[in-house]
Amino acid sequence: MHYVTRKAFIALLAALAGLSALAWLQPYLFTTYSGGQYAGIHSFLEFLSIIVSFSLFNIVWLSRDGLEGSLGQSLIIVGIAFFAVGTIDLLHTLTYQGMADFLGPGSMIKSIFFCLYARFLSAAAVTVMLLWPSSLTVDNHKLANIALAAAFSSIGLALTLNYFSPLYLQFENWSVLKIALEYTLILLCIANLGLLHARRSVLKNRVAAKIASFLVFSICSQAAFTFYDNDFTPFSLLGHIYKFISFIFLYQAVYLSGVFNHFYNLSEMAKMSAELLKESISLKPIMEIQAKKLKKIIPKAERIAFYSTGKDSNHFLPSYQWGKYGEIFPHSEGIYIKNFQALFGTKVTVHDHPIDLLISQPGSEYSHQLAPLFKEAKQILYMPLSVEGHFYGFIIIYLFRKSSKFDEDDLEKAELFQTFAALAIAQVSHQELINKLSYEDAMTGLPNRRCFFEELEKTVYDFGRYKTPFTVIYLDMNNLKFINDTFGHEAGDEALLTIAINLRKITRQSDLPARLGGDEFAILYPHMDYKTAQTKISELKLLFSSLQLKLIDKPFSLAVGGACYPDEAADVDTLLSLADDRMYKHKREIKSLAERTAG
């Protein structure tokens, strides 16, 4: 049985049980209070319902900016409609027989008219809510103002009809019409149940279940009002109790399931964003903050794993892991799943029996360590991290206990979290790219001039603490202008890329090769003394004496010069000047040798 149907059926059984019990106990209950006492009981129950109506209106009115989509807009209509319902119920209470003459002499006819009017209005509001088309979008402020104007018009119409309507008849004629209207209300509520069944796919189960319970208790409330001849019988009392219960269910549907959860989730996301702003722009601390928030909003999670995109669309690198089975996923190892996006999709999704997902396609390939994890998991909640079509990775939340299941609230929280998390990770990726570009030469991919001199500054600082010598070597390409002018810029670009490739080959991870600009390059060798530097300079002169251009089958060379700190220079300026002078000396030697060879 579907969740909503089950909840509605339970509500119906409870309401029918109350009606049956009252039918059996009525002879005994009727003697417990008098007609005069009933006015006070009636007022108490009605004021409870009025408070719920105005509270419902208040929460919707204050939160109307945040209610999004067709459900949010239909909640605005219901909430504001209940401002009119509450007002008219107040008129019903004040004009009830036995009350003080607040609005003129009270009468049963006047009071019953306001009661029926309010019930039809509440049923009509729910009908509009269920029929509200998902394709229709209206500005929330405009919609709220229109609904408020309609609510005031309904109140004005109620006051007018009360005095001029042909319903104002003798009581014996009114009673027949009253019962007919009660049955009409019951039919309208039953029709709303049919609409709810048809629209349940576009509503959250919890919201739909609360609305179904509201309709069931509304039906039984109206039924109770048809079971008596005297307005002071226990059936009238039960009808008002059921009416109050029905309002509580609708309040829960709008507030607890619609408004409260939405703003609680937004509040948590805002807190997470505030924490992220305090952190440096790097992926690990941001994912740790996001995982901490996920644990809070989805406490049933038993494992959380963040993965970022790897070398292709089917390879992923672990960025953060928490929970069970972490030992089988070393942080240095990535995972592979063939046809990943085809299997997992592009939306937040709950997958039952995830091992079936891995083996669902013939010839599917995946990392071996995933099989035992997916086999143990009873459910996974998959969240892709994508912004504007760019896929940055994904998050998977695992459940391993049979008794634990992801519900609609978890899915809603995950969808909201996904938006914030994806934007934060995209921002980090963009910032890292910007930082990378600011320190990287666009042509060769080598560190640029800014990066080189910042690292040189750090190396000088380290020397002051540890007294470790270092060496700077300058390299300058010979005849780049000639190559560009003679063979074109493609040949010149090939020459620069060839230099970059060779510089990467001959340098260690601790060394820093860089392009300073144009045809000028440099290498920073930390922890290199004078003797080692002389050997290295000789090696570089030999290596760069003749490099081949494939595009034009033409060789070219580089001039090399370097100096060691502090053996050859007392300060950095002297060091750089000495390296530069030696590089130009080597350049002149190459040019002189070329001229002698040509002569």
Side-chain angles (χ1 to χ4, degrees), residues 282-284 310-311 317 330-334 432-433 435-478 494-548 556-569 571-572 574-583 586-587:
S282 56
L283 200 57
K284 186 176 180 181
K311 59 185 178 181
L317 301 174
H331 283 276
S332 58
E333 292 185 15
E432 287 179 344
L433 178 60
N435 289 341
K436 180 181 177 184
L437 292 175
S438 67
Y439 286 95
E440 184 180 281
D441 176 60
M443 166 63 69
T444 62
L446 291 173
N448 60 15
R449 186 183 193 90
R450 175 185 177 185
C451 181
F452 179 83
F453 283 103
E454 285 188 8
E455 285 299 315
L456 177 60
E457 196 173 316
K458 294 176 186 176
T459 306
V460 174
Y461 175 78
D462 289 341
F463 172 81
R465 296 182 63 190
Y466 308 112
K467 306 303 178 185
T468 52
F470 61 90
T471 297
V472 170
I473 294 177
Y474 277 163
L475 306 95
D476 191 274
M477 179 181 168
N478 296 310
E494 184 194 344
L496 296 174
L497 290 171
T498 301
I499 295 169
I501 291 169
N502 281 275
L503 286 176
R504 289 193 185 94
K505 286 181 180 179
I506 63 167
T507 51
R508 304 163 299 180
Q509 190 171 359
S510 59
D511 304 332
L512 181 69
R515 183 188 179 196
L516 303 184
D519 55 3
E520 297 178 8
F521 294 83
I523 308 173
L524 173 61
Y525 288 103
H527 313 293
M528 181 176 283
D529 57 22
Y530 174 77
K531 183 177 179 181
T532 308
Q534 298 309 305
T535 303
K536 178 60 68 176
I537 291 170
S538 298
E539 291 175 358
L540 292 175
K541 285 181 177 180
L542 180 63
L543 173 65
F544 290 110
S545 61
S546 180
L547 295 176
Q548 192 68 31
F556 68 96
S557 63
L558 274 74
V560 180
C564 182
Y565 186 93
D567 295 19
E568 297 184 287
D571 56 68
V572 174
T574 304
L575 176 76
L576 298 177
S577 179
L578 186 58
D580 193 52
D581 290 342
R582 289 173 175 175
M583 183 270 294
H586 186 219
K587 182 180 281 286

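Residue numbers count from 1 along this sequence.
Annotation for Pro526 and Asp511: closest pair CD-OD1, 3.8 Å, computed over non-hydrogen atoms. Taking every heavy atom of both residues into account, Met443 and Leu496 meet most closely at CG-CD1, 4.4 Å. Contact detail for Ser545 and Ser557: the closest heavy-atom pair is O-CB, 3.2 Å.
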Item to complete: Determine, step by step, whether Thr532 and Tyr525 satisfy the side-chain contact (heavy atoms from CB on, under 4.5 Å) criterion, reporting the C-alpha distance in whole Å, the side-chain angles of both residues, the deciding distance to 0.1 Å, and the verdict.
Response: CA-CA 10 Å; Thr532 308; Tyr525 288 103; over 6 Å; no
After noting the C-alpha distance and the side-chain angles of Lys536 and Thr471, does the key distance pass the side-chain contact (heavy atoms from CB on, under 4.5 Å) rule? CA-CA 10 Å; Lys536 178 60 68 176; Thr471 297; over 6 Å; no
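Phe452 and Tyr474 have tilted rings, their planes meeting at an angle from 30° to 60° on a 0 to 90° scale.
Two residues are said to be in side-chain contact when any heavy atoms from C-beta on lie closer than 4.5 Å; Leu547 and Leu558 meet this criterion. Side-chain contact check for Leu576 versus Phe453: some heavy-atom pair is nearer than 4.5 Å. Looking only at side-chain heavy atoms (C-beta outward), Ile499 and Met477 come within less than 4.5 Å of each other. With contacts defined as side-chain heavy-atom distances shorter than 4.5 Å, the pair Phe470/Met528 does not qualify. No side-chain heavy atom of His527 sits less than 4.5 Å from a side-chain heavy atom of Arg508. Side-chain contact between Pro447 and Asp441 is absent, with no heavy-atom pair separated by less than 4.5 Å. Looking at heavy atoms from C-beta onward, Ile523 lies in side-chain contact with Leu540 at the 4.5 angstrom threshold. In this structure the side chain of Leu543 reaches within 4.5 angstrom of the side chain of Ile506, judged on heavy atoms.
At distances below 3.5 Å, not a single donor-acceptor pair connects side-chain atoms of His586 with backbone N or O atoms of Ala559. Arg504 places no side-chain N or O within 3.5 Å of a backbone atom of Thr507 that could act as its donor or acceptor partner.
Note that Lys541 lies outside the cation-pi zone of Phe544, set by a 6.0 Å cut-off to the ring centre and a 45° limit from the axis.
Applying the side chain to side chain contact (heavy atoms under 4.5 Å, CB included) rule to Ser538 yields no partners; only residues at least two apart in sequence or on another chain are considered. Annotation: side chain to side chain contact (heavy atoms under 4.5 Å, CB included) contacts of Asp462 (sequence neighbours excluded): Tyr466. Residues satisfying the side chain to side chain contact (heavy atoms under 4.5 Å, CB included) test with Thr574, not counting sequence neighbours, are Ala569, Asp571.
Summarising the local packing, CD of Glu457 is surrounded by 12 or fewer heavy atoms from other residues, nucleotides or ligands at distances under 6.0 Å.
Rounding to the nearest 0.5 Å places CG of Leu503 at 11.0 Å from NZ of Lys505. For the atom pair NZ of Lys458 and CD of Glu454, the computed distance is 6.5 Å after rounding to the nearest 0.5 Å. For the atom pair CG (Leu497) and CG (Asn502), the distance works out to 11.5 Å, reported to the nearest 0.5 Å. Taking CZ of Phe521 as the reference point, atom CG of Leu516 lies at 8.5 Å (rounded to 0.5 Å). Thr468 contributes atom OG1, which lies 11.0 Å from atom CG of Asp529 (distance to the nearest 0.5 angstrom). One distance of note links NZ of Lys531 with SG of Cys564; it measures 13.0 Å at 0.5 Å rounding.
Screening Asp580, Asp476, Asp519 against Lys587 for a salt bridge (Lys or Arg N to Asp or Glu O under 4.0 Å) leaves a single residue, Asp476.
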